[in-house]
Every structure is written in structure tokens, then in C-alpha cells.
*Asks:* 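Please read through the structure below; I'll follow up with questions.
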Amino acid sequence: MTIFMKPPSEKISQLKPHYAWIIALSIMLIFLIISGIELFVSYNTAIQKASEQIQATSFLTAEWLGTSFDTPRYILKDVSNEINPAEIQYPSDNPYQHLERTNHIIRKAQTNSNVLFLGIFDKECTITHTSIGSNLGQNFKDFEYCSLVFQEPIEVFKMSNMFVSTTNKMNVTMSYPVIAPDGEMAGFVLAGLDLSFFQQWLDRLDKAEGMVVSIFDVNQSLIARTPFIANAIGNRLDDPIFYQFATSSDTSTLTFRVTSPIDGINRMWTFRRVQDQPFIVVSGVSTQKTLSAWRVKLVVYLIGNFLLIAITLFAVQKFNYSQQLAKSMENLANTDLLTGLTNRRSFIEMLQRRIEEADRYKQTFSIIMCDIDHFKLVNDSHGHDVGDLVLVAFAEIAQSEMRTSDTVARWGGEEFIVLLPHTNQHMGFELGERLRKILAETPIHSTIRISVSLGVSEYQEHDNGNTLIKRADDALYRAKNQGRNRTEIAT
Ligand code: GH3
Ligand code: MG
Ligand code: MG
């Protein structure tokens, strides 16, 4: 309960803004944290989704690459099984048989459009039969595929690294040995395969927007790419991560993010090795495309949070201002403008509450009615303004002489009233006397001295505000009649 109603107190108006700010800042913080978490989660989800997409595409492409050499494998195995190891020599001692075998491999080569060349080599790497009619009897032992054939294990398909043919086509060779009945290698069958079908296949690939799928050989040369970039095909991708991947055999897939040296776009990439074949599938998706929806969200969240903060700050300020306004209006309504004391209206409310409490808790209390003696004279001799100053000075003295739990109010004019909780009339009398004596002893303003007359009444059961005040007033009247500058207790 406010005891002394001084003009709007700083303390009261500061406490509430403090709480309003804490609540507002907490709300803002919660929104910022929620937005932050949401953005973090959706960022990771977008990256995760893109990563799954490129992994699925590279897996599909690698699987297809794995099976795309099935037909050439059948062709090589057929020719190897059918040939009599004794046939593998050039020049042949049986020209008719040689012609038959040559026709056979020509027909076999024609069954698959990717087979550019089909040939039979003896164990010295000399070509004995060919589907293209040239190079017969020539020795190719310096070629990579020839040394591959003799590497253990022997009885498997061997695929060479990619090379660019004289017709400017990207090729690989695939070989399969011919084993003589004694278990020795009599020679081998070799197919030259055109890799342009890689590009055709990639061109038909149903891929997500912004996605790149490339096929490289193990020497990091680009064989095919979608979207197609003509002058990039055949180029070597000189990238350290890719080099490490291409040269290590134990990694089957790797996903990371980097800017493409081919087109300069930042992408998430995945590398996938094609099982048993000298190819690596690289698929990537543009980081920009992957995160475009997320970036929109980021902007929306930033604007949203900014607006929220702005609105909250504005609302808190408005709220605090109106709180302050309401508080000062309330203070104003309860305060006497001249002295800053509780005014009559507010005092009556206070007294009413005190009566209710006294009834409920069986407590006592008293009031003192106080009137300045011959105040008219002060006004008459010193002027009304000085009279006002005397009233203000009196208010200050009365407040400082009473206890903090007491309420001094201006009743009207030069009349004041004091509420003394938990105080009987004798204690009330003592307090009144203390005030009276101080005033009687010292000048109140400059050299002006005043005296006061006081009437004390204690709350009695069944009293109401009016009866209680009336008794104090009567006591005061008595004090006046008995010569002023005295305190009387109500009878
Ligand atoms: P008494 O001892 O009988 O109380 O004499 P008094 O002169 O104090 O009483 P009276 O009721 O005759 O006069 C009260 C005076 O107080 C009259 C009025 O001009 C003055 N007064 C009332 N309110 C104010 C005020 O706000 N300021 C000033 N300066 N004077 C006031
Ligand atoms: Mg009076
Ligand atoms: Mg008076």
C-alpha cells in the first residue's frame, strides 16, 4: 500500500517496464531460437535430400554401366569358346578356315553397335583374325591391353583404360583369353568398344533440375556428361579429391561439396566407382538450386523476425508509456497538487479499507484531525503565496514526524487528517502532541511560526468513516475552543 502520495514516483514506473522488457525479450529470444532451429533443420534436410538424389542417380548410372558391357562379354566368350586354339596363327595354314573364322567374328561384331573392332590375337599379341580387314599379322605387344591379358588372374574379362582412337572416338578394349586343352593360354579375343553410347545414355537420363552426371575413366578423363559440354569431353579433371578417389581402390562412393572446375558452379558431388570397370560416375547438384527454397525461407524468417522484433519493441514501449501514463493519472487523481499529500478522495478510500480490515481482524486504529490556527492571519500578513509555502512546509513536517505506516492527507484548506494504523487514541494523542510541540517550538517558514489544534479519535465497533471523522472533528473543535495549540481526544 502506498503510504505517502508524492508526485508520480520513479520507482513504480520503472519496475513495470523492467518486467515488460524481460517478457518481450524472452518472446523474441524464443522466436529467434525456434526460427534458428527450423532453419538449421530445413537446411540439413535440403542438403540431405539433394545428397540422396545424387547418390541415387550415380548408383543407377553405375549399375547401368555395369551391365552395359554384358553383350560384348557374351560375344568375347562365344568367340573364345568356339575357336580351336590351333587356329590362332598367322599366316594360317588353312586359308578356308581362316576366312570362315574371320566371317564369324565379323558377324559377331555386327550384333552389337558398340563393338567397333573384334580380333583374335596369338599369345605373342600378333593379330591373327580381325573384323575390320586390316592390321593382320601386326604385333601389338607394346599396347596396354596386351600386357593386361597376361596378368593374373588370366581367365577373366580385362578392360583397358580409355583411349582416343585414330577416328577420334573414345574407346576401351575388352579381352578374354583362349585357353588350350593343356591349360596354357593360346591367345585372346579382343573387342574395341565405342564409348559414345555413354553420352547417348546420359542424354536420355531422367535427372532432376540442376543436376550434373558425368562418367570419367580412372585416369580422370571425362567420357560423357549431361548437360553435354562438347569441349569438356576427353579433358582430364585435375582435382586432388577426385585423384585420391580414382587412385584408391577401397572407396566405392564419396559425397562432398566443391565448385566444379568445368563450369565454375558450386555443387554437392558424389563419386561412385563402377564395379570391375575402369569408370567412375560423378553426379552433382547445384548448391544454389538445392538451397533456393531454403534461401527464400531464410529471407522470410529474417524479415519475419525483424518485424516481430520491431513490433515487440514498439508494443513494449507503447505498453510502458501507457502504464506510466495510467500510473501518473492515478497518482494525480489521488494527490493533492499543492502539498503532494494524499488528497481527501483517496484518504476516504483508504479509511474505508482500514475500517473493513479493522472489522475483519479486530484491529484498532486512530485518526488525527488537524487545523492550522489563525491561518487566515498568515495569508493576510504575508500573502497567499507565502501561505501556500507554509502549507507545503507543514505537509513535509507532518509527514516526517509521523511513522512510515501513517498516512497524512490534506483534508481541505489548512486542514489535514492523519490515519494511524494499529494505534489507539492515547498513542494517537502522543503523536499529535509531538507534531504540535515541534511546530510550536520552531518557525515553519522563514520567521513564520504556526500552531495547530488537533482532535484524535479511535475507531470503535460500528463506526463508519463519517462517525469516526465527526468525533475527531468535535475533538478538534474543542481544542480550538479551549484556546488552540492543543490536542484533544474524542469523547
Ligand atoms: P482558526 O484558527 O479558527 O482555524 O482560524 P483560521 O484563520 O485558520 O481559519 P479560517 O477558516 O477562518 O481561515 C482559513 C484560511 O485558510 C482561509 C483561507 O484563505 C486559507 N486557505 C485555505 N486554503 C488555502 C490555500 O490553499 N492557500 C492559502 N494560502 N490559504 C488557504
Ligand atoms: Mg479551518
Ligand atoms: Mg485554521
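All ligand and atom numbering here is 1-based and tracks the order in the structure.
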*Asks:* Quick one: nearest non-hydrogen protein atom to atom 26 (O) of ligand 1, plus distance?
*Replies:*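 Going atom by atom, the protein heavy atom closest to atom 26 (O) of ligand 1 ends up being R410 NH2, 2.9 Å.
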*Asks:* I'd like to know if the side chain of Q324 pairs up with that of N320 as donor and acceptor (distance under 3.5 Å, no hydrogens or angles considered).
*Replies:*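 Short answer, no.
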*Asks:* Closer than 4.0 Å and a protein heavy atom, does any atom meet both conditions relative to atom 10 (P) of ligand 1?
*Replies:*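 No.
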*Asks:* Going by the atom numbers of ligand 1, which of them fall below 4.0 Å from some non-hydrogen atom of G387?
*Replies:* 29 (N)
*Asks:* Please give me the protein atoms (N, O or S only) lying under 2.8 Å from the Mg ion (ligand 3), ordered by chain and number.
*Replies:* D371 OD1, I372 O, E414 OE2
*Asks:* Can you tell which part of L391 has a heavy atom less than 4.0 Å from ligand 1: side chain, backbone, both or neither?
*Replies:*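 The answer is the side chain.
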*Asks:* Nearest protein heavy atom to atom 27 (N) of ligand 1, by residue and atom, and its distance?
*Replies:* D388 OD1, 2.7 Å
*Asks:* Side chains of S35 and N305: donor-acceptor distance under 3.5 Å anywhere?
*Replies:*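 Looking only at side-chain atoms, N305 and S35 do form a donor-acceptor pair, the distance falling under 3.5 Å.
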*Asks:* Before you tell me yes or no, could you show the steps for R486 and Q482 under side chain to side chain donor-acceptor pair (under 3.5 Å), namely the whole-Å CA-CA distance, both residues' side-chain angles and the distance that decides it to 0.1 Å?
*Replies:* CA-CA 8 Å; R486 53 186 289 140; Q482 291 180 18; 2.9 Å; yes
*Asks:* Could any protein non-hydrogen atom be found less than 4.0 Å from atom 3 (O) of ligand 1?
*Replies:*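 Under the 4.0 Å cut-off, atom 3 (O) of ligand 1 does have protein heavy-atom neighbours.
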*Asks:* Tell me if a side-chain donor or acceptor on S453 pairs with a main-chain N or O of L476 at a distance below 3.5 Å.
*Replies:*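 Not confirmed, S453 side chain does not pair with L476 backbone.
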*Asks:* Any N or O of L338 that comes nearer than 3.5 Å to an N or O of ligand 1?
*Replies:* no
*Asks:* Looking at atom 6 (P) of ligand 1, what's its closest protein heavy atom, distance included?
*Replies:* F375 N, 3.4 Å
*Asks:* Between the side chains of D474 and K470, is the shortest nitrogen-to-carboxylate-oxygen separation below 4.0 Å, so that they form an ion pair?
*Replies:*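 Judged by the 4.0 Å cut-off on N to carboxylate O distance, K470 and D474 do form a salt bridge.
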*Asks:* Cation-pi check for Y459 against R354: NZ or CZ below 6.0 Å from the six-membered ring centre and within 45 degrees of the axis, yes or no?
*Replies:* no
*Asks:* Using ring-ring contact (aromatic ring centres under 6.0 Å, His included) as the criterion, point out the one residue from F157, W64, F279 that pairs with F69.
*Replies:*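 Among the candidates, only F279 passes.
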*Asks:* If the cut-off is 4.0 Å to any non-hydrogen atom of D371, which atoms of ligand 1 fall inside it?
*Replies:*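 Counting atoms of ligand 1 from 1, those under 4.0 Å from D371 are 4 (O).
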*Asks:* Considering only NZ, NE, NH1 and NH2 on the basic side and carboxylate oxygens on the acidic side, decide whether R225 and D263 come within less than 4.0 Å.
*Replies:*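 Judged by the 4.0 Å cut-off on N to carboxylate O distance, R225 and D263 do form a salt bridge.
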*Asks:* Got Q244 and P240 here, is their nearest side-chain heavy-atom distance under 4.5 Å?
*Replies:* no
*Asks:* Just which atoms of ligand 1 are under 4.0 Å from any heavy atom in H384?
*Replies:*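 Going through ligand 1 atom by atom, the ones under 4.0 Å from H384 are 27 (N), 28 (C), 29 (N), 30 (N).
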*Asks:* Could you check N334 against R345 for side chain to side chain donor-acceptor pair (under 3.5 Å), going step by step and ending with a plain yes or no?
*Replies:* CA-CA 7 Å; N334 293 332; R345 191 189 64 80; 2.4 Å; yes
*Asks:* Under 4.0 Å, heavy-atom basis, I'd like to know which part of N379 is in contact with ligand 1: side chain, backbone, both or neither.
*Replies:*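 It is the side chain that touches ligand 1; the backbone stays farther off.
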*Asks:* Strictly below 4.0 Å, N to O, side chains only: are E433 and R436 in salt-bridge contact?
*Replies:*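 Yes, this pair counts.
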*Asks:* Salt-bridged, D373 to K480, with N to O below 4.0 Å?
*Replies:* yes
*Asks:* Taking the minimum heavy-atom distance to atom 13 (O) of ligand 1, which of K480, K376, H374 ranks first?
*Replies:*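 Looking at heavy atoms only, the winner is K376.
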*Asks:* Does Q288 have any side chain to side chain contact (heavy atoms under 4.5 Å, CB included) partners at least two apart in sequence or in another chain, and if so, which?
*Replies:* S286, R295
*Asks:* To which protein heavy atom is atom 23 (N) of ligand 1 closest, and what is the distance rounded to 0.1 Å?
*Replies:* G413 CA, 3.2 Å
*Asks:* Check ligand 1 against I372 and write out every atom of the ligand that is under 4.0 Å from a heavy-atom position of the residue.
*Replies:*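 Every atom of ligand 1 under 4.0 Å from some heavy atom of I372: 2 (O), 4 (O), 8 (O).
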*Asks:* Can you list the ligand 1 atoms lying under 4.0 Å from a non-hydrogen atom of R484?
*Replies:* 1 (P), 2 (O), 3 (O)
*Asks:* Salt bridge check, R403 against D406: does any charged N sit closer than 4.0 Å to a carboxylate O?
*Replies:*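 Salt bridge present between D406 and R403.
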*Asks:* Any non-hydrogen atom of E415 lying under 4.0 Å from ligand 1?
*Replies:*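 Per 4.0 Å heavy-atom rule, E415 does not contact ligand 1.
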